[in-house]
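Shown next, in C-alpha cells, is the structure this report addresses.
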Amino acid sequence: MTTLEDLLKIPRFSDLKLLTHPTKANTIVESIEISETPDVADFIPKKIFLLTTAMVYKDNQKDLITLIDSLKEQEAAGIGIKVGRFIEAIDPEIVAYADKIDFPLVQIPSTQPLGALLHQLLNYLWDTKTEQLSYALDIQKRFSDLLIHDVSIARFIADFGKMINTPVILLSPYRKVIAHSKHFTQTSKPAEYYVEQLVSKYERWTEDSHASFMIKDLNQTPLQIAGFSVTVNSYFPHYLLILNPEQVPYPMSEFAVEQACLVLSFMLYKNQKVQESLDFLKSDFLGQLVEYQQTPHQTRRDWLDLGTNYGLKKSTQYQIVYAVCSQTTETATKIKYQQEESDVAFQWLQETLPLRIKDISIFKVKNTDHLAILIQSRVDDLDKILAELSLELSKKLPITLTFALGNLYETIEQIASSFIEAKTAYEEMLTMTNSTLTHRYHPKGMKSLFEKMSLEDIHYFCETTLKELAYPIEDSFIELRKTLQCYLSFQCEISKTAKEMYLHRNTIKYRIDHCAKLLGKSIQDPTNSLNFRLALELSERSNQHQ
C-alpha cells in the first residue's frame with residue numbers, strides 16, 4: 001500500500017513540490033492518470049493521483065475549485081498540476097482551499113514531462129523490475145560518464161550519495177575515510193565519527209563482504225549502516241558504507257550499489273597502477289644509489305638533484321630504516337598475500353609517518369616486499385615512534401610491521417652504508433629468539449667473522465697463534481701477555497707502552513723481544529700483528545664463556 005507521501009519522498013521525484021500541508025499527503029495511491037477534461041472525476045476509479053497541465057483553467061484558476069471538489073468526492077489521492085506551460089504559478093487561493101478540505105495539491109515543474117512522469121510513477125506502483133533495472137542502468141550510464149571524464153574518487157562518492165539521497169563513506173583497508181558524500185557537511189559530526197563507532201562496536205566487521213550494522217546517531221537513536229567490500233586486492237579490500245540504507249527508496253536496488261562498487265574498484269585499481277609505476281621509478285633510484293655508492297672509483301654524481309622528485313633533501317642527517325611485514329606460518333607461503341600486505345603497509349606509512357617525522361621518503365625495495373624509509377632529520381625517539389605505528393596498524397589489520405635501523409650519517413653518499421646496515425640488522429632479527437618490533441645495527445668488527453666458529457676451533461687458532469700466551473696460568477706469562485696486548489694497542493710504540501704500564505722502556509723492549517722469541521714470529525710484521533690482536537681478543541672472550 002503506497003501513499004502519496006511515499007511517492008514524494010523518492011529522490012527521483014524530489015522536484016515534485018507538495019503545496020498543501022504535509023499531513024494531508026497520507027492518501028493511498030493505487031493508480032495514476034493524465035487528463036485535461038473538467039469532468040474527469042466521472043470517469044476515474046477511486047484512489048487516483050491525477051496529473052494535469054490545467055490547460056482549461058489557464059484564464060480562470062478559480063474554476064479549479066470545482067475540479068478539486070469533484071476529485072475529493074471521488075476519493076482521489078490528489079492532483080498534480082504542471083506549471084510553466086499554461087499556468088505560470090498556482091493561485092494561493094487554490095492552494096488554501098485544497099488545504100482547507102484536506103486534498104493534496106502537488107506542483108509539477110515545467111521540466112518534467114507528464115508522460116514520462118506517469119510511466120515512472122506507475123512502474124513504481126506496480127512494483128515491476130522494469131523500473132528497477134531502468135534506474136540501475138541510468139545510474140550505470142551516469143557512472144560511465146563520470147569515468148569517461150576521469151573524475152576523482154571524491155567527486156564520484158559525492159555524486160553517488162546525491163543519487164541515492166543518503167550518506168555514503170568510502171574507507172581504505174585500514175579504515176581511513178578516503179571520501180564521503182556531502183551529507184556530513186550539514187551535520188555537527190564528520191564521517192569519521194560514524195566510522196569510529198562502527199570500529200569500536202564491530203571489531204571483525206571487515207571480514208564480511210556485505211553486512212549490516214547498528215550504531216547510534218547524534219541523538220543516540222539506532223542508526224543502520226550497510227557495508228559493501230570494494231575489491232581492488234584479494235585480501236585487503238576497501239569498504240563502501242551506506243548510512244540509513246532502509247531509507248534508500250525503490251527502485252534503488254542492490255544491483256545499483258554493486259555497480260558503484262564495480263566502478264570504484266576500477267578507479268582504485270587504475271590509481272594503484274599509476275602509483276605503482278611511480279613507485280617503481282623511485283625503487284629503481286634507490287637501487288642505483290646503493291649500488292653506485294658501493295662501486296669504487298666512480299665519478300661523483302649530484303644525487304640531491306637526481307633525487308629531488310623522490311623526496312631527497314639537503315641535510316646533515318641521513319638514516320635508513322628497513323621495514324618488513326612479519327610472516328606467520330600461515331602467510332609464509334602466500335606470495336600474493338605478502339605483496340598486498342606490503343602495499344597496504346606502504347600506504348599506511350605514507351599517510352601516517354610524515355605526521356610524526358619530518359623530511360622522510362619511503363621506497364619499495366626492488367625485487368622484494370620490503371620497504372626502506374629514508375629519514376633526513378635527527379629523531380631522538382625513533383624506536384618509540386616506529387613501535388607505536390606498528391601497534392596502531394596491527395589493531396586495524398592482521399599486519400605486524402618490524403623495523404631494522406641503520407646508523408645516522410652526514411652525507412648523501414653514505415646513505416648506502418646506512419641501507420646495508422639496516423638490511424644487516426633485519427637479517428639479525430630473523431635469527432633472534434625474542435621478538436621485537438625494532439632493532440638497531442651494532443658494528444661488530446672482525447670478531448663477527450668468527451661468531452659461527454665452534455669453541456674448539458677458536459681455542460685451536462688462539463693456541464697455535466699465541467702458544468703459552470693464549471691461556472696463561474704462570475705469572476710471568478700473564479705479564480708477557482699484558483705487555484704484548486698493550487704494545488699492539490699503541491701501534492708497536494715502546495715509549496707509549498712503557499708510559500702506559502709505568503715501566504722503563506728497556507723493560508718493555510726486553511719483554512717484547514721475549515714474546516717474539518716465544519711466538520717464533522716478528523711482532524712488528526703487519527700480518528702477524530693482525531693475527532696476534534685477533535687471537536688476544538678471541539682468547540679473552542672464549543675464556544669468559546668457560
- Report the distance from atom CG of Leu536 to atom CD of Gln485, rounding to the nearest 0.5 Å. 5.0 Å
- Message: What I want to check is whether the side chains of Thr411 and Gln414 have a donor and an acceptor closer together than 3.5 Å.
- Response: yes
- Message: Do Leu488 and Ser529 have side chains that approach each other closer than 4.5 Å (heavy atoms only, starting at C-beta)?
- Response: yes
- Find out whether Val379 and Asp381 are in side-chain contact, i.e. whether some heavy atom of one side chain is under 4.5 Å from a heavy atom of the other. yes
- Any side-chain heavy atom of Gln327 sitting closer than 4.5 Å to one from Gln338? yes
- Give me the ring orientation class for Phe143 and Phe156: parallel if the planes are under 30° apart, tilted from 30 to 60°, perpendicular past 60°. tilted
- Item | Value rounded to 0.5 Å, distance of CD in Glu493 from SG in Cys486 | 11.5 Å
- Item | Side chain to side chain, Ile373 and Phe403, heavy atoms closer than 4.5 Å | yes
- Does Thr316 reach the main-chain N or O of Glu410 with its side chain, forming a donor-acceptor pair under 3.5 Å? no
- Message: If I compare all heavy atoms of Ala422 with all of Gly406, which pair ends up nearest, and what's the gap?
- Response: CB-N, 3.5 Å
- Task: Report the distance from atom CD1 of Ile508 to atom CZ of Arg505, rounding to the nearest 0.5 Å.
- Result: 10.0 Å
- Message: Checking side-chain polar atoms at under 3.5 Å, does Asp343 have a donor or acceptor matched by the opposite partner on Gln339?
- Response: no
- Query: Under 3.5 Å, is there a donor-acceptor pair between the side chain of Thr331 and the main chain of Lys334?
  - Reply: no
- Query: Any chance the side chains of Glu540 and Tyr471 put a donor and an acceptor closer than 3.5 Å?
  - Reply: no
- Query: Does the Arg481 side chain pair with the main chain of Ala470, one donor and one acceptor, at a distance under 3.5 Å?
  - Reply: yes
- Can you check whether Gln319's main-chain N or O pairs, donor with acceptor, with Ser418's side chain at less than 3.5 Å? no
- How about Gln224 and Asn244: do any of their side-chain heavy atoms sit closer than 4.5 Å? no
- Message: Can you tell whether the side chains of Asp513 and Arg511 come within less than 4.0 Å, N to carboxylate O?
- Response: no
- Task: May I ask you to check whether His439 and Tyr426 place their ring centers less than 6.0 Å from one another?
- Result: no
- Query: Once the angle between the rings of Tyr337 and Tyr235 is folded into 0 to 90°, is it parallel (under 30°), tilted (30 to 60°) or perpendicular (over 60°)?
  - Reply: perpendicular
- Message: Looking at Cys261, is its backbone amide N or carbonyl O close enough to the side chain of Ser265 to form a donor-acceptor pair, meaning the two atoms are under 3.5 Å apart?
- Response: yes
- Check: Asn531/Thr465 side-chain N/O donor and acceptor closer than 3.5 Å: no
- Item | Side-chain touch Val263/Leu147, heavy atoms, less than 4.5 angstrom | yes
- Message: Do Ser390 and Thr402 have side chains that approach each other closer than 4.5 Å (heavy atoms only, starting at C-beta)?
- Response: no
- Query: Should the pair His180 and Phe184 be assigned to parallel (<30°), tilted (30 to 60°) or perpendicular (>60°) ring geometry?
  - Reply: perpendicular
- Check for a donor-acceptor pair, side chain of Glu340 on one end and backbone N or O of Ser234 on the other, with a separation under 3.5 Å. yes
- Stepwise, does the side chain to side chain donor-acceptor pair (under 3.5 Å) test hold for Gln275 with Asp279? CA-CA 6 Å; Gln275 187 60 47; Asp279 293 338; 3.0 Å; yes
- Parallel, tilted or perpendicular, as decided by the 30° and 60° cut-offs, for the rings of Trp348 and Tyr174: perpendicular
- Message: Is the terminal nitrogen or CZ of Lys364 (NZ for Lys, CZ for Arg) located under 6.0 angstrom from the six-membered ring centre of Phe346 and within 45° of that ring's axis?
- Response: yes
- Rounded to the nearest 0.5 angstrom, the CG-CG distance for Leu312 and Leu374 is 6.0 Å
- In Å, rounded to the nearest 0.5 Å, how long is the span from CG of Leu264 to CD1 of Ile178? 9.0 Å
- Nearest 0.5 Å please: distance from the NZ atom of Lys176 over to the CD atom of Glu192. 9.0 Å
- Query: Do the side chain of Asn528 and the main chain of Ser522 share a donor and acceptor less than 3.5 angstrom apart?
  - Reply: yes
- Message: Between Lys521 and Asp525 (salt bridge meaning N to carboxylate O under 4.0 Å), is one present in this structure?
- Response: no
- Message: Using a 3.5 Å distance criterion without hydrogens, assess whether the side chain of Gln197 forms a donor-acceptor pair with backbone atoms of Ile215.
- Response: no
- Within 45° of the six-membered ring axis of Tyr310 and under 6.0 Å from that ring's centre, is NZ or CZ of Lys282 located there? no
- Compute both the distance and the angle, then confirm whether Arg301 meets the cation-pi test with Tyr292: under 6.0 Å from the six-membered ring centre, within 45 degrees of the axis. yes
- Decide yes or no for Leu391 and Leu437: does some side-chain heavy atom of the first lie under 4.5 Å from some side-chain heavy atom of the second? yes
- Ignoring hydrogens and geometry, is there a side-chain-to-backbone donor-acceptor pair from Thr431 to Glu428 under 3.5 Å? yes
- Item | Donor-acceptor pair, side chain of Thr231 and main chain of Asn233, under 3.5 angstrom | no
